[in-house]
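Input: a single structure, listed below in structure tokens.
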Amino acid sequence: MNKVALITGAGQGIGLGIAMALAQEGCDIAVMDIHPDEAVISALSELRNQGAEVLYCRADVTDSEARARALDTIGAKFGCLNVLVNNAGVAPKVRADILDATEESYNWVMGINLRGPYFLTQAVANWMIAQQEADPSFESCIVNISSISATVASPSRGEYCISKAGVSMATQLWAVRLGEFNIPVYEIRPGVIKTAMTKTVQDKYDRLIDDGLTLQARWGYPEDIGKAVAALVRGDFPYSTGQVIMVDGGLTVPRL
Ligand code: NAD
């Protein structure tokens with residue numbers, strides 16, 4: 001597969017797992033993240049070891065000028081962009097009851113998880129449409145990484161849940177708008193995945209998993225999400241635009 005993929009937040013965690021899986025599929029990779037260059041050297045070399053051409057765009061997804069600069073750099077290096085994976089995201093710095101949580105935290109989480117990706121998608125979608133019009137055989141897709149928090153209410157991090165519910169609607173909106181251009185838009189909803197984001201609650205989730213939180217009695221790993229994204233990018237779900245792929249070990253299966 002000779003495609004170029006942009007993955008946001010791929011300096012570590014789930015994003016890096018996705019980038020690795022796509023590199024193994026033969027994609028060239030653009031990583032967008034906020035880490036300084038020195039902090040991503042080993043992640044980028046892991047990707048290069050899979051045979052991928054790799055570009056690091058240090059850019060904050062909430063910054064419209066930085067987003068535009070990153071897309072220009074990708075255009076200059078690769079000449080095209082086939083895949084956008086909106087993965088960068090944050091949890092609130094402090095888990096606070098929604099009776100007490102602050103507007104500052106709300107704005108910060110919503111900016112990174114929802115507003116930034118929404119306008120990055122807008123810019124990339126317009127570029128994909130132009131590429132499609134220039135070459136009808138051009139293949140592209142967009143994948144949004146939401147969370148089970150799109151539907152599972154956690155009142156100690158309301159802003160996170162609302163942002164992920166918003167990502168779900170964004171998936172549907174872009175799927176509707178881009179249908180006529182043959183650009184599928186998918187959503188992946190991870191469950192509890194072992195990364196830096198869940199490090200502070202590791203003991204809690206270890207216990208919950210032991211007690212049956214998930215049907216598959218283990219943590220999820222970045223590779224689990226990477227495999228799902230690779231299947232979408234390969235074209236294994238060609239008739240499923242706008243749909244949600246659950247990667248949660250059965251956590252959200254209703255039980256009695
Ligand atoms: P992580 O903290 O390990 O990685 C997030 C990455 O996003 C980091 O590299 C970070 O630098 C980057 N990032 C943060 N703010 C950014 C910004 N403004 N601009 C660009 N990049 C930015 O977390 P993760 O667990 O790998 O999470 C990745 C995605 O998966 C997030 O959207 C998260 O909400 C989602 N998710 C995670 C879990 C989980 O259990 N870990 C579950 C469901 C969904």
Side-chain angles (χ1 to χ4, degrees), residues 6-21 30-44 47 56-67 69-71 84-93 95 105 107-121 143-152 154 157 159-168 170-171 187-202 204-206 208-209 213-214 218-226 228-229 244-249 251-252:
L6 166 60
I7 303 117
T8 66
Q12 65 185 53
I14 291 173
L16 182 55
I18 295 168
M20 284 292 286
V31 171
M32 186 192 286
D33 209 312
I34 49 176
H35 296 300
D37 293 13
E38 351 25 298
V40 293
I41 290 171
S42 88
L44 300 189
L47 293 170
Y56 183 53
C57 307
R58 187 179 177 193
D60 184 329
V61 76
T62 65
D63 177 341
S64 58
E65 284 174 17
R67 288 193 305 263
R69 266 197 310 275
L71 294 184
L84 168 64
V85 183
N86 286 305
N87 162 79
V90 289
K93 288 175 189 157
R95 288 191 175 201
S105 178
N107 288 337
W108 183 69
V109 170
M110 293 293 268
I112 296 170
N113 291 5
L114 191 54
R115 181 173 53 80
Y118 184 75
F119 287 102
L120 178 62
T121 301
V143 182
N144 290 332
I145 307 301
S146 67
S147 165
I148 53 162
S149 298
T151 61
V152 178
S154 300
R157 49 195 176 117
E159 62 275 65
Y160 184 78
C161 296
I162 292 171
S163 73
K164 293 301 184 177
V167 168
S168 274
T171 304
E187 172 184 345
I188 289 188
R189 247 180 232 173
V192 179
I193 312 296
K194 203 164 227 176
T195 67
M197 184 179 276
T198 44
K199 205 162 178 53
T200 54
V201 284
Q202 189 169 327
K204 173 185 164 183
Y205 283 122
D206 278 344
L208 289 171
I209 290 168
L213 176 72
T214 49
R218 66 163 174 87
W219 283 78
Y221 295 102
E223 306 83 76
D224 293 312
I225 314 299
V229 175
V244 177
I245 315 286
M246 304 301 300
V247 187
D248 69 351
L251 187 154
T252 50

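Ligands are counted one by one from 1 in listed order, and the atoms in each one are counted from 1 as well.
At the top of the distance list for atom 24 (P) of ligand 1, counting protein heavy atoms only, stands Thr195 OG1, 3.6 Å. Protein heavy atom nearest atom 7 (O) of ligand 1, with residue, atom name and distance: Gly9 CA, 3.5 Å. Among all non-hydrogen protein atoms, the one lying nearest atom 30 (O) of ligand 1 is Ile14 CD1, 3.4 Å. Closest protein heavy atom to atom 18 (N) of ligand 1: Asp60 OD1, 2.8 Å. The nearest heavy-atom contact from the protein to atom 16 (C) of ligand 1 is Ile34 CD1, 3.9 Å. Among protein heavy atoms, the minimum distance from atom 44 (C) of ligand 1 is reached at Ser146 O, 3.1 Å. Annotation: atom 3 (O) of ligand 1 to nearest protein heavy atom, Gln12 NE2, 2.9 Å. Given atom 11 (O) of ligand 1, the protein heavy atom at minimum distance is Asp33 OD1, 2.6 Å.
Using a 4.5 Å heavy-atom threshold, the side chains of Arg115 and Thr62 count as touching.
Put simply, the side chain of Thr171 gets close to the backbone of Val167: a donor and an acceptor are under 3.5 Å apart. Between the side chain of Asp63 and the backbone N or O of Asp60, no donor-acceptor pair lies under 3.5 Å. Side-chain atoms of Arg95 do not come within 3.5 Å of backbone N or O of Arg157 as any donor-acceptor pair. No donor-acceptor pair under 3.5 Å is formed between the side chain of Arg189 and the backbone N or O of Ser146. Proximity of a side-chain donor or acceptor of Asn87 to a complementary backbone N or O of Gly9 within less than 3.5 Å is detected. Ser105 contributes no side-chain N or O that, together with a main-chain N or O of Pro92, makes up a donor-acceptor pair within less than 3.5 Å. When atom types are taken as modelled, the side chain of Ser149 and the backbone of Cys161 share no donor-acceptor pair closer than 3.5 angstrom. A distance-only check finds no donor-acceptor pair linking the side chain of Asn86 to the backbone of Asn144 [under 3.5 Å]. For Tyr56 (side chain) and Asp33 (main-chain N/O), a donor-acceptor pair under 3.5 Å exists by modelled atom type. Within the 3.5 Å criterion, the main-chain N or O of Leu114 finds no donor-acceptor partner in the side chain of Lys164.
Environment of OH in Tyr118: sparse, with no more than 12 heavy atoms of neighbouring residues, nucleotides or ligands closer than 6.0 Å.
Near Val61, with a cut-off below 4.0 Å to any heavy atom, the atoms of ligand 1 are 17 (C), 18 (N), 19 (N), 20 (C). Applying the 4.0 Å criterion to heavy atoms of Gly191 picks out, from ligand 1, the atoms 38 (C), 40 (O), 42 (C), 43 (C). Interface of Ala59 with ligand 1, defined as ligand atoms under 4.0 Å from a residue heavy atom, comprises 19 (N), 20 (C). For ligand 1, the atoms lying closer than 4.0 Å to a non-hydrogen atom of Thr198 are 39 (C), 40 (O), 41 (N). Of all atoms in ligand 1, numbered sequentially from 1 with element shown, those under 4.0 Å from a heavy atom of Gly89 are 5 (C), 7 (O), 31 (C), 32 (O). Of all atoms in ligand 1, listed by their number and element, those nearer than 4.0 Å to a heavy atom of Lys164 are 31 (C), 32 (O), 33 (C), 34 (O). Which parts of ligand 1 touch Ile145 is read off a 4.0 Å heavy-atom cut-off, strictly below it: atoms 30 (O). Every atom of ligand 1 with a heavy atom of Gly13 under 4.0 Å away is listed here by number and element: 3 (O), 26 (O).
For atom 43 (C) of ligand 1, the nearest non-hydrogen atom from the set Pro190, Gly220, Ala70, Ala43 comes from Pro190. Nearest-heavy-atom check against atom 14 (C) of ligand 1 across Ile7, Val90, Leu120 picks out Val90.
Heavy atoms from both the backbone and the side chain of Asn87 come within less than 4.0 Å of ligand 1. By the criterion of a heavy-atom distance under 4.0 Å, neither the backbone nor the side chain of Lys194 is placed next to ligand 1.
At a threshold of 4.0 Å, the pair Asp224-Arg218 counts as salt-bridged, since one of the basic side-chain nitrogens sits closer than that to a carboxylate oxygen.
Residue contact annotation: Thr8 has no non-hydrogen atom under 4.0 Å from ligand 1.
Nearest heavy-atom pair across Ile112 and Val90 is CD1-CG2, 3.8 Å.
Residue Thr62 places no N or O, backbone or side chain, under 3.5 Å from any N or O of ligand 1. At least one N or O atom of Ile193, backbone or side chain, sits closer than 3.5 Å to an N or O atom of ligand 1.
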